[in-house]
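This is the structure I want to talk about, given as structure tokens.
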Protein chains: 2
Amino acid sequence: MTKTIKEIAGETGVSITTVRLIISGQAEKYRISAKTRALVEDYVALHGYVLHHAARSLKLKRTDAVGLIVPDLANPFFARLMAAMERHCRSQNLVLVSASTNDDPALEMRAIDNFLARGVDGLVVAPCQPPTYKSVLNRKPKLAMVLVDRDYPQDRFPAVASDNVESGMALARQMFSDAGAEPVDFFCAYTALPSIRDRITGFSEIASEQGWADWERLVHSAAEDSVASGRLLMRNFITARGAPPRAFMTSSLLVLEGVMQEVKSALGAIPEDLLIGTFDDHAMLDFLPNRIYSVVQDEKTLAALAFASISEQMAGRAVEASHMTVPSRIVRRN
Amino acid sequence: MTKTIKEIAGETGVSITTVRLIISGQAEKYRISAKTRALVEDYVALHGYVLHHAARSLKLKRTDAVGLIVPDLANPFFARLMAAMERHCRSQNLVLVSASTNDDPALEMRAIDNFLARGVDGLVVAPCQPPTYKSVLNRKPKLAMVLVDRDYPQDRFPAVASDNVESGMALARQMFSDAGAEPVDFFCAYTALPSIRDRITGFSEIASEQGWADWERLVHSAAEDSVASGRLLMRNFITARGAPPRAFMTSSLLVLEGVMQEVKSALGAIPEDLLIGTFDDHAMLDFLPNRIYSVVQDEKTLAALAFASISEQMAGRAVEASHMTVPSRIVRRN
DNA sequence: TTGAAAGCGCTAACAT
DNA sequence: ATGTTAGCGCTTTCAA
């Protein structure tokens, strides 16, 4: 079992303060004599010592922990975001504690309460509802907090998200350009999300610009982001028009999967000249022979900005409730 | 700011003990009078109270936190494992804290030390080296600990992993059966891993059984699990034989990606009659027209077993250092 | 049915 | 250059 400072002091006959000074590497600074220093250091080398974080936290009112709350930790986007966050935390000797909300506002509140009780110094949340965390602010007014990915309109917290309007425009631009005179349909799900709305805004902008005044007819939307939604939307499309579109884009890989399954089952295979666009990327899109554009979000920069904001706040510097935007990249295959 | 028990006691004129009894829902049990109870409850309803976990931990020598240490949190397998772990933790009012080791033994040791200092009650680790955590056991002999995914031979800790030998056999059986008289090559990477070795063992078993006494010539291996490894292995194959194999399997999706890229660049496209097998699964394998078998690991059960073991140990019940095995499933497409 | 007090391991302020 | 002490918020005896 590991020793406490007090025990070390007792067993070496040195005072608690001195031990602490030596252990915390401040021996020089306080000019501890070489022998007492050696005495303590040898003892520690022999018996070991590990800082008791709970005790330290109790005293310092600080836990050196930051919380991350997202809808789903298994979702690749959030998994990458979390991995990047964890790297930042590790580099500053912070630990990352995380929780999924399953897109349930009640779970989200529970998670926030829980992390607050555990005294996290910072909180990064991808909210599943427009955030009004007034109770949070009441209880711990100086909690460092930042919103990621889902930038609901609000002006209390800094937020960082991808440039969804711009990337929506960029993707649509590529699609319409390659499609020539053909229309480009947009299958999108989870329209309650600000990011999805922004993507639609971007799409509509370009569609109008390309002369599709009735762009609303090109947008097919569903409430829930899932493979089932993708299937449903494409099935409805095929039923109405008799055939799949020649060019389309989707709001997520899940929707793409559903849409593709339906195309495959309608046509027996994916036509090689089908023009595809999608938000989010996966290496296996390589396997398709089609021309396909995908939008890849920059989780590293998202995490870096979120962490920077948290750090600022934890350092006591006030941070304005800005809405930061991170550029996405478009990848083209074939 | 949230009140402490002491403050509540002071401001309601009740004793600390009484407040605590009421707050912790033991009013009935200790027959606190209705009025004192109402008094305190009203006060709490008005001003709020949140348990201070650090203080509680200091007293109880318990943090209600469990740590998860894996090579890479962004890896879909580990991300799913972690999401499942987090659900279990949440259901028991534990928090999950996690860290990546980037497959670096030094980082792994640091992570373990760190989590130990933070006093996690349980530790789940997917080690990147044969685990000899003697220092760990010295310092906190009663730490609940379990190994996942990478079941290095050892007899100190319980371990839970997929049935790699069996699923290797199952996959190979399907492949050889579909391949007829053709050979089935196995491209595999990260051979230092017990799981990979087991998969090779499974493969070799079936290959021999099928009359391929020289099965070692069918196995092409690389040290590092990456797309680059896949490319390299396939490039070497093509250079040596003049063409890609007609049937092959890979040890991971990364290797599959690399292998496929190389086939594509050699042949211009993926032949539709190429027979493919791979460990790990992804929905987008749907997009290929080929017959393809994939092995899907059961992260939920892996997490459930790991968590159960941790729970047992945390409850003080001794657990033997068993090696638990979780069946994988084989998916066939086209 | 309620209260008082000790102590978990650490830090910081204040002595020497 | 080194020592003493109080106290963070909680739980747990032990008393009344």
Side-chain angles (χ1 to χ4, degrees), chain A residues 1-41 43-44 47-65 93 116-119 121 139-140, chain B residues 1-41 43-44 47-65 93 116-119 121 139-140:
Chain A
M1 295 298 269
T2 167
K3 302 283 181 179
T4 71
I5 287 188
K6 195 176 172 187
E7 285 169 345
I8 298 178
E11 294 171 34
T12 55
V14 179
S15 89
I16 291 183
T17 307
T18 309
V19 171
R20 200 177 65 78
L21 258 20
I22 295 170
I23 283 181
S24 62
Q26 305 195 283
E28 300 286 278
K29 193 167 153 194
Y30 288 88
R31 317 157 107 228
I32 305 292
S33 75
K35 45 183 164 292
T36 33
R37 180 172 169 180
L39 177 63
V40 172
E41 283 177 344
Y43 186 94
V44 167
H47 297 92
Y49 167 76
V50 296
L51 176 64
H52 192 302
H53 275 262
R56 180 202 179 86
S57 294
L58 180 56
K59 182 69 194 176
L60 296 188
K61 300 180 177 319
R62 171 158 66 80
T63 53
D64 294 317
N93 291 308
L116 240 55
R118 305 197 95 116
D121 299 332
R139 281 178 12 203
K140 189 159 178 179
Chain B
M1 295 297 270
T2 166
K3 302 282 182 181
T4 72
I5 288 188
K6 194 178 174 187
E7 285 169 345
I8 298 178
E11 293 171 33
T12 55
V14 179
S15 88
I16 291 183
T17 308
T18 309
V19 172
R20 200 177 65 78
L21 258 21
I22 294 170
I23 283 181
S24 63
Q26 304 194 283
E28 301 285 278
K29 194 166 153 196
Y30 288 88
R31 320 161 98 218
I32 305 292
S33 74
K35 42 183 166 294
T36 33
R37 178 170 169 180
L39 178 63
V40 172
E41 282 177 344
Y43 186 94
V44 168
H47 298 92
Y49 168 76
V50 298
L51 177 65
H52 192 301
H53 275 261
R56 180 199 180 90
S57 293
L58 180 56
K59 182 71 194 176
L60 262 23
K61 298 178 179 321
R62 172 158 66 79
T63 53
D64 294 319
N93 289 310
L116 240 54
R118 307 202 89 119
D121 299 332
R139 281 179 12 206
K140 190 158 178 180

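Numbers restart at 1 for each chain; the letters A, B, ... are given by sequence-line order, proteins then strands.
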Per-nucleotide protein contact string for nucleotides 9-14 of chain C (B base, S sugar-phosphate only, - none; heavy atom under 4.0 Å): BBBBB-
Any chance you could measure B:Thr36, atom OG1, to B:Ile22, atom CD1, to the nearest 0.5 Å?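 If I round to the nearest 0.5 Å, the distance is 5.5 Å.
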Can you see which heavy atom on A:Ala9 is nearest to which on A:Val19, and at what distance?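 Where A:Ala9 meets A:Val19 most closely, the heavy atoms are CA-CG2, 3.7 Å.
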Is any side-chain heavy atom of B:Val44 closer than 4.5 Å to one of B:Ile8?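 Side-chain contact under 4.5 Å: yes.
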Could you check whether B:Thr36 gets within reach of a base, just the sugar-phosphate, or nothing at all, counting any heavy atom under 4.0 Å?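 B:Thr36: backbone/sugar contact only, no base atoms under 4.0 Å.
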Spell out, as yes or no, whether a donor-acceptor pair under 3.5 Å connects the side chain of B:Thr63 to the backbone of B:Gly119.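 Judged by distance alone, yes, a pair lies under 3.5 Å.
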Please find the earliest and latest nucleotides of DNA chain D, in the 5' to 3' direction, that have an atom within less than 4.0 Å of any heavy atom of chain A.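 Range of nucleotides touched by chain A: D:dA1 to D:dG9.
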Using side-chain heavy atoms (C-beta onward) and a distance below 4.5 Å, is A:Val40 in contact with A:Thr18?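 A:Val40 does not reach A:Thr18 side chain to side chain.
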To the nearest 0.5 Å, what is the distance between OG (A:Ser15) and CD1 (A:Ile5)?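 Interatomic distance, A:Ser15 OG to A:Ile5 CD1, rounded to 0.5 Å: 10.5 Å.
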Quick one: salt bridge (Lys or Arg N to Asp or Glu O under 4.0 Å) pairs with a partner in residues 6-27 of chain A, sequence neighbours left out?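 Those involving residues 6-27 of chain A are A:Lys3-A:Glu11.
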Can a donor-acceptor pair be found, under 3.5 Å and without considering hydrogens, that links the side chain of B:Ser57 to the backbone of B:Arg62?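 Yes; judged by distance alone, with no hydrogens or angles, the pair exists.
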